[in-house]
Each structure stands twice: as structure tokens, then as C-alpha cells.
Engineer: 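Mind looking over this structure? Questions follow.
Nothing fancy with the numbering, it's 1 onward along the sequence.
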Amino acid sequence: MTTLNELLTLSLEDHTEEIIAEYIWIGGSGSDLRSKARTLPKPVTDPKLLPKWNYDGSSTGQAPGADSEVILYPQAIFRDPFRRGNNILVICDAYTPAGVPIPTNKRAAAAEIFSKKEVSEEVPWYGLEQEYTLLQKDVKWPLGWPVGGYPGPQGPYYCGTGADKAWGRDVVNAHYKACLYAGIQISGINGEVMPGQWEFQVGPATGIAAADQLWAARYILERITEIAGVVLSLDPKPIEGDWNGAGCHTNYSTKSMREEGGYEVIKKAIEKLGLRHKEHIASYGEGNERRLTGKHETADMNTFSWGVANRGASVRVGRDTEKEGKGYFEDRRPSSNMDPYVVCGMIAYTTLLWKPEEAK
């Protein structure tokens, strides 16, 4: 008798050239991920060779029912760790039939920024630190926490080991391997300060590819938590009180910052970020005001600050960067639910394109 698992793990390569492509896009909330699959006649490795597709935008909050067709433009390809073989995951952005980016398509504006000569010549690198919380499915309470109650105070959980300190490690490790399989530049994982909370890092990756990869990694994590029967939360403050929130610290450098004399370039870039602090905060994620309180390793959202090795600052410069006189800095303001297209594009725009003297 054939089992369901045997059918799910069928290898197609020995029987057909056809592959399955899972088209992935961002839904109407700006943070929900949607996807659907189609058969292609043969393997594809270049997104430009993939056909455009469409979906019902009225069902995702992205189009009216009377004119509901939204067009998917393939932008990035990853190996599919679920179907494996030559099957692929395809990160897409969304357009009207007339070719205009729909309002929730933040990738198009980011791509325009990264296409500017002043930006591309600086080869901007990003390292994205995605924090997230795993929740028990039926009660929406952190994994490992007693229902309706609380574990012991924070302290032993950060990078902790043991059945009473680390909950969800199998999900985390499965995600780590799946991302490496997919071709995502995932550079590490760790348990976070609040129990049930974890982090993975994407990068360093160049330009808009960093944002594509973070969205792909989020999609893979959603699929793995679906299999495991737990719920993924990107809420920046999932539990009120004396518990750390969840952010997506964004590490950034340009070619000039990585070369001799780069520290002065870094300081000038940070100064520009401070001048546009309000604009950045407004674009750095929903509910971030519950996280950026000046407590729990955050800076108060109403005040911009920076410092060397200071995790209570808006922007942190590492000791190695200060010592070597070049390197990168970390913007600690983005929340866990931020859109990496918005954040990466905005940092590049402010530091490389924006001219303060013209804004006066």
C-alpha cells in the first residue's frame, strides 16, 4: 500500500523534465506571504526566463472584485527544500495589468534605488538579524510557556541549552538547513533573550538580494512551522512587561566604509540617518513603539543616538570597526515585522542619495 509520505517524496527527475515552481508574493497586509504552484516544462535558473502569472487580488486585499487581476513578476529563484530536485521557489512582486506596481509592492521602489549608479558603485552589503517568536498553535502563547502563566525571568535563555531553556530548536535547525539548501546566505542562528524567541541572520548579501533572501527565509520558516504545528509571530513585542521585544537589526556597509578611511564615511552616514530619524522610524515596522522604549536593549524611538558597542543606541558601531577604522554599523531600530525592501532601500537612499542641503 502506497503511503502519503511516499507520494510526497516522489522524485520527478527520472520520469519527466517538468518541474514545479512555487510563486511567492506579499499579501495585502504587507507582511503576509501567499503562494501558489505551477508546472514548467523544464528546469529554470534565471527569473527572467520564467513566465509572469496572475492571482485574484480581491482575495488578498490588493484589488477590487470588479477588477481583481494582479500580475506576478518573477524576481528571484531559490531551490525548493520541500519538493527538492529541480523544483524551485520564486520570489515575485506584484503589478497591475498595465505594469504599474501595486501599492503593497515595495520591491519596485527599492529596485529603483539600488539601480542608481551612486548606489550600485558602492556595493552596499546588508546583514539582517531576524528575531521571531514561536507560539503554541491553540493558545497563541509562546512555545514552552505554561498556558496562562510565565516562565522564570530572563537570563538563562539567550543562547541557552536544555529542555527548560530552549523550546523549538528542531524547528530552528530545520529552518537553518532548509535555507542553506535553498541557496539563501543564512549566516547563523541563536536562541534569544525571551524564551520561545529565536533569531536567524541573512547576509552579508548585496543590495536588493538581501531583501529577497529574507522574504524567502521567512516563507520557508512559515512552511516549517506549518509542518511542526506551531505559529510564527513577527510581532515586535509579543509579550508585554519585562520581556525583550523582537527586532530585525540591520547591519550595513558600503565599499567606501569597508576601505581605509571608512570610519569617517560611517560617521557621516550615521549623521544623515539621525537627520531623517522620524522618516526611518515611520517606515521601520508596525507596533515598533511597543518595543523601542529605551529598555530591553533598545533606544527610545523619539530620540536618535549612536555609540560604539552600545546596544541601547539607535545605531551601534562595533569595537572592531572602531579599532580598524573601517567596516560596518548596525541600525537597531527596525522591528521584526519590517519590510526589508523598505528598510534596505531607505538606508541606501539616506546614506548615498539624500543631500541634506537640498532638503532645507
Engineer: Taking all non-hydrogen atoms of both residues, which atom of Arg332 and which atom of Arg291 are closest, and how far apart?
Structural biologist: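 Where Arg332 meets Arg291 most closely, the heavy atoms are O-NH2, 2.8 Å.
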Engineer: With rounding to the nearest 0.5 angstrom, report the OH to OG distance, Tyr55 to Ser68.
Structural biologist: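 One gets 10.5 Å once the value is rounded to the nearest 0.5 Å.
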Engineer: Under the side chain to side chain donor-acceptor pair (under 3.5 Å) rule, collect the residues that match up with Thr133, sequence neighbours excluded.
Structural biologist: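 Partners of Thr133 under the side chain to side chain donor-acceptor pair (under 3.5 Å) test: Gln197.
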Engineer: Determine the interplanar angle of the Tyr126 and Tyr252 rings, folded into 0 to 90°, and report it as parallel if under 30°, tilted if 30 to 60°, perpendicular if over 60°.
Structural biologist: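 Tyr126 and Tyr252: tilted rings.
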Engineer: Using distance alone, with no hydrogens and no angle criterion, decide if Ser11 and Asp14 have a side-chain donor and acceptor under 3.5 Å apart.
Structural biologist: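 Side-chain D/A pair, Ser11 to Asp14: absent.
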Engineer: Same cluster for Ile113 and Tyr95 if Ile/Leu/Val/Met/Phe/Trp/Tyr side chains link at under 4.5 Å?
Structural biologist: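 No; Tyr95 is not reachable from Ile113 via cluster members.
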Engineer: So, taking the atom named OH in Tyr284 and the one named OG in Ser335, what distance separates them when rounded to the nearest 0.5 Å?
Structural biologist: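 Result: 10.5 Å between the selected atoms.
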Engineer: Is a side-chain donor-acceptor pair under 3.5 Å present for Asp93 with Gln75?
Structural biologist: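 Yes.
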Engineer: Just by distance, no angles: are the side chains of Arg34 and Thr60 close enough, under 3.5 Å, to form a donor-acceptor pair?
Structural biologist: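 Distance-only check fails for Arg34 and Thr60.
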Engineer: So is Lys267 actually on top of Trp306's ring, under 6.0 Å and inside 45° of the axis?
Structural biologist: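 Not flagged: Lys267 not positioned over aromatic ring of Trp306.
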Engineer: Is it possible for you to check whether Arg316 lies under 6.0 Å from the centre of the six-membered ring of Phe329, through NZ or CZ, and within 45° of that ring's axis?
Structural biologist: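 Not satisfied by the 6.0 Å and 45° rule.
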Engineer: Once the angle between the rings of Trp243 and Tyr150 is folded into 0 to 90°, is it parallel (under 30°), tilted (30 to 60°) or perpendicular (over 60°)?
Structural biologist: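 If you compare the ring of Trp243 with that of Tyr150, the planes turn out parallel.
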Engineer: Return yes if a side-chain donor-acceptor contact under 3.5 Å exists between His280 and Asp331, otherwise no.
Structural biologist: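 Asp331 and His280 do not have a side-chain donor-acceptor pair below 3.5 Å.
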Engineer: Quick test of your reading of the model: are Glu18 and Lys42 salt-bridged, counting only N-O distances below 4.0 Å?
Structural biologist: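 No salt bridge links Glu18 with Lys42.
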Engineer: Do Glu289 and Lys237 sit within salt-bridge range, that is, some charged N less than 4.0 Å from a carboxylate O?
Structural biologist: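 Salt bridge absent between Glu289 and Lys237.
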Engineer: Say whether Ile270 and Tyr263 are linked into one hydrophobic cluster, either directly or through other cluster members, by side-chain heavy-atom distances under 4.5 angstrom.
Structural biologist: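 Yes, it is one cluster - the side chains of Ile270 and Tyr263 are joined through contacts under 4.5 Å.
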Engineer: Hydrogens and angles aside, do Ser29 and Ser31 bring a side-chain donor and acceptor to less than 3.5 Å of each other?
Structural biologist: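 Yes.
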